[in-house]
Amino acid sequence: MKKLFFTLIILCLCLFSQSCNERKTNLVLLGTVHQPVENFNSDSLYNILKKIRPNLILFEVDSSFFTQDFKFKKTWESNENIATVRYMNDFNADVRPYDFTGRNEYRRKIGSRPTDTKTIKLIDSLYQKDLLNSEEKSIYQDFLQITDTLNSFGYLGISNFNNEVTDSIARIRQYNQYKKLLEIVDNNKIFSSTFYNKEDGDSISYALGFRRAGEFWDLRNKTMAKHILHFTNEYKGKRIVVLNGYFHRHYLDSLLGPEQKKNNFIIRDLDEY
């Protein structure tokens with residue numbers, strides 16, 4: 001009898017806990033791959049959405065992609081767009097943008113784009129010509145290896161890029177890109193003496209442009225987290241799915257995790273559905 005009694009108590013507590021979680025705003029940070037690949041496409045994403053049944057989908061673009069009543073101005077061939085439009089047609093759900101407003105224009109204005117990619121290409125050129133010292137070679141080799149590892153998860157199915165292991169690798173990769181590669185940039189004068197001419201006629205060195213790219217990565221993720229928090233309060237007690245390229249997932253989780261109690265929401269894992 002005692003065993004049965006304690007079993008019933010535990011069952012009641014579990015049901016009570018589940019009920020409390022359902023009353024809170026449920027937030028799923030759903031890492032995605034933007035274009036169709038092996039084991040993940042728009043059908044895969046649609047089926048996940050159908051399983052979670054969100055009331056709100058937060059889309060990784062800014063408001064310029066939407067009409068005033070939050071309809072897509074156009075559709076395009078991305079997994080997220082196709083799956084979201086299909087889900088909205090089949091179920092009663094809202095969609096909202098949450099990205100940094102005018103992110104691409106802003107990056108071009110501050111010169112972080114395209115100097116970010118040009119800088120990495122120049123690092124690679126120095127590496128191929130054996131013009132980096134041994135420590136710099138090691139830094140760049142680590143960056144290439146971890147980038148290849150992280151990219152490989154995108155071909156293995158959604159559970160493989162929505163977990164703590166992948167998040168930790170993405171965190172290390174981000175550190176390598178914006179901190180360790182910056183050491184190479186700062187150690188070689190070619191990056192401060194090579195310039196890119198911006199659209200406004202001004203010029204910017206690769207070194208400064210790359211530094212600004214790292215600063216913008218932080219700014220963008222913090223802005224997205226701020227917007228997500230806004231929607232957890234606007235859609236109290238609802239289910240929200242945040243679609244994000246899976247390189248972002250760890251960053252958003254680190255920013256939003258500490259806010260759960262204060263803002264009365266709970267971050268749920270994909271395998272809970």
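Numbering starts at 1 and runs along the sequence shown.
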**OP:** Establish whether Tyr178 and Ile110 are linked, either directly or via other cluster members, by ILVMFWY side-chain heavy-atom contacts under 4.5 Å.
**Re:** no

Original post:
Rounded to the nearest 0.5 Å, how far does OG1 of Thr117 lie from NZ of Lys121?
Top reply: 5.5 Å

Original post:
Could you state the interatomic distance from CZ (Phe100) to NZ (Lys222), rounded to the nearest 0.5 Å?
Top reply: 12.5 Å

**OP:** For Ser192 and Ser205, work out which heavy atoms get closest and say how close.
**Re:** O-CB, 3.6 Å

Subject >> Polar side-chain atom of Asp62 near backbone of Gly102 as donor-acceptor pair, under 3.5 Å >> reply: yes

Original post:
Side-chain heavy atoms under 4.5 angstrom apart, residues restricted to Ile, Leu, Val, Met, Phe, Trp, Tyr: same cluster for Ile184 and Leu131?
Top reply: yes

**OP:** Any pair with a residue in residues 27-50 that passes ring-ring contact (aromatic ring centres under 6.0 Å, His included), sequence neighbours left out, goes on the list, sorted by first then second residue, please.
**Re:** Phe40-Phe161

Original post:
Are the side chains of Thr32 and Asn79 in touch, meaning some heavy atoms are under 4.5 Å apart?
Top reply: no

Original post:
Taking a hydrophobic cluster as the set of Ile, Leu, Val, Met, Phe, Trp and Tyr residues connected by side-chain heavy atoms closer than 4.5 Å, whether directly or through intermediates, do Ile228 and Ile240 fall within one such cluster?
Top reply: yes

Original post:
Minimum heavy-atom separation for Arg211 to Leu182, with atom names?
Top reply: NH1-CD2, 3.5 Å

Subject >> Side chain proximity check, Lys180 to Asp142, heavy atoms < 4.5 angstrom >> reply: no

**OP:** Kindly compute the distance separating OG (Ser159) from CG (Asn39), expressed to the nearest 0.5 Å.
**Re:** 9.5 Å

Original post:
Are the side chains of Asp116 and Trp217 in touch, meaning some heavy atoms are under 4.5 Å apart?
Top reply: no

**OP:** Output the distance between atom CD1 (Ile267) and atom CG (Leu256), rounded to the nearest 0.5 Å.
**Re:** 5.5 Å

Original post:
Do the side chains of Leu181 and Phe210 get nearer than 4.5 Å, heavy atoms only?
Top reply: yes

Original post:
So, the side chain of Thr194 versus the backbone of Tyr206: is there a donor-acceptor pair under 3.5 Å, distance only?
Top reply: no

**OP:** May I ask you to decide whether Glu60 forms a salt bridge with Arg220, counting only side-chain N to carboxylate O separations under 4.0 Å?
**Re:** yes

Subject >> Verdict with supporting geometry, Asp94 and Tyr235, side-chain contact (heavy atoms from CB on, under 4.5 Å) >> reply: CA-CA 10 Å; Asp94 295 334; Tyr235 284 77; 2.7 Å; yes

**OP:** Could you pull out the closest heavy-atom pair between Phe265 and Glu259, with the gap in Å?
**Re:** CE2-O, 3.4 Å

Original post:
Are the side chain of Ser125 and the backbone of Leu122 linked by a donor-acceptor contact shorter than 3.5 Å?
Top reply: no

Subject >> Donor on one side chain, acceptor on other, Asn89 and Arg86, under 3.5 Å >> reply: no

Original post:
Is atom CD of Glu164 surrounded by more than 12 heavy atoms (other residues, nucleotides or ligands) closer than 6.0 Å?
Top reply: no

Original post:
Looking only at heavy atoms, which two atoms of Arg249 and Asp167 are closest? And how far apart?
Top reply: NH2-OD2, 2.9 Å

Original post:
Counting only heavy atoms not in Gln145, do more than 12 fall under 6.0 Å of its CD?
Top reply: no

Original post:
How about Glu183 and Ile139: do any of their side-chain heavy atoms sit closer than 4.5 Å?
Top reply: yes

Original post:
For Asn264 and Lys261, does a side-chain donor sit closer than 3.5 Å to a side-chain acceptor?
Top reply: no

Original post:
Where does the angle between the aromatic ring planes of Phe72 and Trp76 fall among parallel (under 30°), tilted (30 to 60°) and perpendicular (over 60°)?
Top reply: perpendicular

Donor-acceptor list for residues 197-204 side chains, cut-off 3.5 Å, not counting sequence neighbours:
{"residue": "Lys198", "atom": "NZ", "partner": "Lys109", "partner atom": "O", "Å": "2.9"}
{"residue": "Asp200", "atom": "OD1", "partner": "Asp202", "partner atom": "N", "Å": "2.9"}

Original post:
Does Leu150 reach the side chain of Tyr246, with side-chain heavy atoms less than 4.5 Å apart?
Top reply: yes

Original post:
Roughly how far, to the nearest 0.5 Å, is NZ of Lys73 from OG of Ser63?
Top reply: 8.0 Å

Subject >> From Leu49 atom CG to Leu30 atom CG, the distance as rounded to the nearest 0.5 Å >> reply: 6.5 Å

**OP:** Could you tell me whether Glu215 and Arg212 make a salt bridge, using a distance below 4.0 angstrom between a side-chain N and a carboxylate O?
**Re:** no

Subject >> Heavy atoms of other groups near Lys51 NZ, more than 12 under 6.0 Å >> reply: no

Subject >> Chi angles and distances behind the ring-ring contact (aromatic ring centres under 6.0 Å, His included) call for Tyr106, Phe216 >> reply: CA-CA 9 Å; Tyr106 182 82; Phe216 179 71; 5.4 Å; yes

Subject >> Considering all heavy atoms, the nearest Gly257-Gln260 contact >> reply: O-NE2, 3.0 Å

**OP:** Test side-chain contact (heavy atoms from CB on, under 4.5 Å) on Asn162 and Asp269 and set out the steps.
**Re:** CA-CA 8 Å; Asn162 280 272; Asp269 291 329; over 6 Å; no

Subject >> CA sep, side-chain torsions, deciding dist, call: Tyr98, Phe231, ring-ring contact (aromatic ring centres under 6.0 Å, His included) >> reply: CA-CA 9 Å; Tyr98 73 99; Phe231 288 112; 8.3 Å; no

Original post:
Same cluster for Val95 and Val242 if Ile/Leu/Val/Met/Phe/Trp/Tyr side chains link at under 4.5 Å?
Top reply: no

**OP:** Report the residue from Arg268, Lys238, Arg239 that forms a side chain to side chain donor-acceptor pair (under 3.5 Å) with Asn26.
**Re:** Arg268

Subject >> Stepwise side-chain contact (heavy atoms from CB on, under 4.5 Å) check, Val165 with Ile169 >> reply: CA-CA 6 Å; Val165 173; Ile169 293 172; 4.2 Å; yes

**OP:** Examine the side chains of Tyr251 and Asp218 and answer whether a donor and an acceptor come within less than 3.5 Å of each other.
**Re:** yes

Subject >> Path from Leu243 to Val85 over hydrophobic side-chain contacts below 4.5 Å >> reply: yes

**OP:** Determine, stepwise, if the pair Asn104 / Arg113 fulfils side-chain contact (heavy atoms from CB on, under 4.5 Å).
**Re:** CA-CA 8 Å; Asn104 291 331; Arg113 173 162 289 193; 3.6 Å; yes

Subject >> Stepwise ring-ring contact (aromatic ring centres under 6.0 Å, His included) check, Phe91 with Tyr87 >> reply: CA-CA 6 Å; Phe91 301 95; Tyr87 182 82; 4.8 Å; yes

Subject >> Residues, nucleotides or ligands: over 12 heavy atoms within 6.0 Å of Asn92 CG >> reply: no

Original post:
Within a strict 4.5 Å, meaning less than it, do heavy atoms of the Leu126 and Tyr140 side chains meet?
Top reply: no

Original post:
Judged by atom type as modelled, is there a donor-acceptor pair below 3.5 Å linking the side chain of Asn233 to the main-chain atoms of Leu229?
Top reply: yes

**OP:** Indicate the atoms forming the closest heavy-atom contact of Pro36 with Asn41, along with that distance.
**Re:** CB-CB, 4.1 Å

Original post:
Just checking, is any N or O donor in the side chain of Glu135 or Asn187 under 3.5 Å from an acceptor N or O on the other one?
Top reply: no

Subject >> Side-chain H-bond candidate by donor/acceptor type, Thr147 with Arg173, under 3.5 Å >> reply: yes

Subject >> Test item: Phe247 and Gln174 side chains (from C-beta on) under 4.5 Å apart, heavy atoms >> reply: no

Original post:
Does any N or O in the side chain of Thr119 come within less than 3.5 Å of the main-chain N or O of Thr115, such that one atom is a donor and the other an acceptor?
Top reply: yes

